[in-house]
Amino acid sequence: MLDIKTIREREMDVRTALQTRGSDFDLDCILELDMERRSLVGEAEALKHERNVVSKEIGRLKKEGEDAAEQRDQMRAVGERISKMDARIREIDSTLQGLLLEVPNIPCAETPVGSDESANRLVKTRGEPGSFSFTPRSHVELGEMLGILDFERAARISGSGFPLLKGHGARLERILIQFMLDIHTMEHGYEEVAPPYMCNADAMTGTGQLPKLAEDMYYIKSDDLYLIPTAEVPVTNMYREEIIKGSLPIRHVAYTPCFRREAGAAGRETRGMIRVHQFDKVELVKIVEPDQSYAELEKLLGDAETVLQRLELPYRVRELCTGDLSFAAARCYDIELWAPGQNDWLEVSSCSNFEDFQARRAGIRYRNSSGKTVFPHTLNGSGVALARLVVAILENYQEADGSVVIPEALRSLMRMDKIQPRS
RNA sequence: GGAGAGGUGGCUGAGUGGUUUAAAGCGGCGGAUUGCUAAUCCGUUGUACGUCUUUUGGGCGUACCGGGGGUUCGAAUCCCCCCCUCUCCGCCA
């Protein structure tokens, strides 16, 4: 959420930001309501002041046994005016709040300007896509040959778009979770968190999933809870409506399943594990001092990259342009793994700096060195998403007979070197 | 799910309609005293919005005692709804 003062005082900057994002949001409505609100608030508060003074006077008169009927009648009239004005102010507040929650964040100055994906900036490419003496298979085919993926049975249980891993596939997924958690906790200084997988509407609003993305989430009506689309939601909201004690930065890593309805995605990448309604993810979340946030974003990106380097997987990093940036982000890097079976790059991480956008929505504050309570900056990024990581491992490490070599870094944890096709 | 007890500032904890502008204590910060520490004494203390003055900043006002409504000239206090915590019972991996 943007500060109403920012919108008021830097109107042109905000308008430009909305334009580069391709948003047609109408700021005029907000500005007009804000002006009406401030004038009403001033008027109502003057009346309240009068009422407070006279009420005290009434108390004094009654104590001295004098008559205060006249003052009381006057204040009754004043009270009626006040409650009418307060009702209008409440109405404006609620409309204004609703509108403010729909204004996207302002991209940072370095974010490349562009209307869509084609304007994203290639930051780096690491690792060599392997060359194959055979036509590389898709993970769907490999999964079947190895007996580790079973989409047919998953559909029987839950419908299309759900993963079912078996045997060495299930084991690989579990080992990867541990592998990544260990790197981030023991080498990168993150504290591990195991959060709830369901969140209330306030939490979803705090990080920016609500109100815009309601249709993308699973909602449990009987309990008014949402299944989390990412651990970002519960972990960031640990500090909602709180003035954080102790020093920043806070760094958390959390493994959770993620649930996404992927509404409107039917027909796209429906086969396999690339776009599913449920996937596992190891997520990194940081809460930092504002002047550190961009340095912390680079470190966050590096922390996620470490995982892919250890696994010796080819990847690239792209910086999203203004038009491709997610609602709450000011700057964002996507990490994409090469998947030879798809002949395409797969997004496995988005590392974003939200500046104070989420902190303001969620009411997360801290005391800076001069003792003032201010909004910290929040960041997060996957470190990394599992379903697609498994896809990339299977497809990059496959051999001609359909067997898959276990990446060196995982062999001791997996207690095997290679997954063999079922005979 | 049932019954009961609670929710007041950073913390403990008073306060059942107007001397409360939320007592007191602890903690924090600043100062005094002091070989050092401790103790003692004095001062100070939160958040948001509005407004004025804008030199850091400050002045004035309003609201905030779990959240939201209501009664009243006036609500931490009375009424209604909701949320959360604790204890006991039930159920349960």
*asked:* Does the protein touch nucleotides 73-83 of chain B at the base, only the backbone, or not at all? Give it as B, S and - per nucleotide, heavy atoms under 4.0 Å.
replied: BS---------
*Span that lies between the C1' atom of B:U21 and that of B:U45, in whole angstrom*: 15 Å
*Measure from the ring center of A:Phe327 to the ring center of A:Phe357 and say whether it is less than 6.0 Å.*
yes
N/O contacts under 3.5 Å, protein versus nucleotides 65-67 of chain B?
none

*To the nearest Å, how far apart are A:Lys48 NZ and B:C64 C1'?*
11 Å
_Lys/Arg-Asp/Glu bridge criterion (N-O < 4.0 Å) met for A:Arg72, A:Glu57_ = no
*For B:U40 and B:G46, measure between their C1' atoms and round to the nearest Å.*
28 Å
*Please list, by residue number, the residues of residues 193-210 of chain A whose heavy atoms come closer than 4.0 Å to an atom of RNA chain B; answer none if no residue qualifies.*
none
*Using a cut-off of strictly less than 4.0 Å, decide whether A:His49 has a side-chain nitrogen or oxygen near OP1 or OP2 of B:U62.*
yes
*Under a 4.0 Å N-O cut-off, is there an ion pair linking A:Arg318 with A:Glu347?*
no
*Hey, are A:Asp86 and A:Arg81 close enough for a salt bridge, meaning a charged N less than 4.0 Å from a carboxylate O?*
no
*Taking A:Thr6 for its side chain and A:Leu2 for its backbone only, find out whether a donor-acceptor pair lies under 3.5 Å.*
no
_Pairs where residues 209-218 of chain A contributes a residue and the test side chain to side chain donor-acceptor pair (under 3.5 Å) is met, not counting sequence neighbours_ = A:Thr207-A:Gln209, A:Tyr218-A:His277
*Charged N to carboxylate O below 4.0 Å: is that the case for A:Arg251 and A:Glu191?*
no
*Write down the distance separating the P atoms in B:U12 and B:C86, rounded off to the nearest Å.*
15 Å
*C1' atom, B:G2 versus B:G90: distance in rounded Å?*
8 Å
*Does a salt bridge link A:Lys299 with A:Glu296, judged by any charged N lying under 4.0 Å from a carboxylate O?*
yes
*Taking the side chain as every heavy atom from C-beta outward, state whether A:Pro163 and A:Leu149 have any pair of such atoms under 4.5 Å apart.*
no
*Expressed as a whole number of Å, how far does the P atom of B:G66 sit from that of B:G13?*
15 Å
*How many Å lie between CZ on A:Arg60 and P on B:G17, as a whole number?*
22 Å
_side chain to side chain donor-acceptor pair (under 3.5 Å) evaluation trace for A:Tyr315 with A:Glu305_ = CA-CA 9 Å; A:Tyr315 68 90; A:Glu305 282 183 72; 2.5 Å; yes
*Round to the nearest Å and state the distance from A:Asp86 atom CG to B:C64 atom P.*
10 Å
*asked:* Show me the dot-bracket string of RNA chain B, counting Watson-Crick or G-U pairs under 3.5 Å, with | for pairs to another strand and [ ] for crossing ones.
replied: ((((((((.[[[..)..(.....]]]((((((.......))))))((((((((...)))))))).[[[[[..)....]]]]])))))))....
*Could you go step by step and tell me if A:Glu408 and A:Arg310 meet the side chain to side chain contact (heavy atoms under 4.5 Å, CB included) rule?*
CA-CA 8 Å; A:Glu408 177 108 41; A:Arg310 297 275 171 90; over 6 Å; no
_I need the CD-P distance between A:Glu242 and B:G10, as an integer number of Å._
12 Å
*Inspect the contact between A:Arg76 and A:Glu80 and indicate whether a charged nitrogen and a carboxylate oxygen are less than 4.0 angstrom apart.*
no
*asked:* Taking only the C1' atom of each, what is the distance from B:C84 to B:A23 in whole angstrom?
replied: 28 Å
*Mind checking the C1' distance from B:U71 to B:U8? Whole angstroms is fine.*
22 Å
_Can a side-chain donor-acceptor contact be found between A:Asp303 and A:Tyr190 if the only test is distance below 3.5 angstrom?_
yes
*Passing candidate, side chain to side chain donor-acceptor pair (under 3.5 Å) with A:Asp334, options A:Ser349, A:Ser350, A:Ser352, A:Ser382*: A:Ser350
*Salt bridge or not for A:Arg137 and A:Glu395, using N-O below 4.0 Å?*
no
What does the list of N/O pairs under 3.5 Å between the protein and nucleotides 46-49 of chain B look like, with a distance for each?
unit_1: B:U47; atom_1: O3'; unit_2: A:Arg365; atom_2: NH1; d: 3.1
unit_1: B:C49; atom_1: O2'; unit_2: A:Arg37; atom_2: NH2; d: 3.1

*Would you check, one step at a time, whether the test side chain to side chain donor-acceptor pair (under 3.5 Å) holds for A:Tyr255 with A:Gln178?*
CA-CA 9 Å; A:Tyr255 152 74; A:Gln178 186 177 338; over 6 Å; no
*Heavy-atom count around A:Glu173 CD within 6.0 Å, excluding the residue itself: above 12?*
yes
_Gap in Å between the two C1' atoms, one belonging to B:G68 and one to B:G31, rounded_ = 45 Å
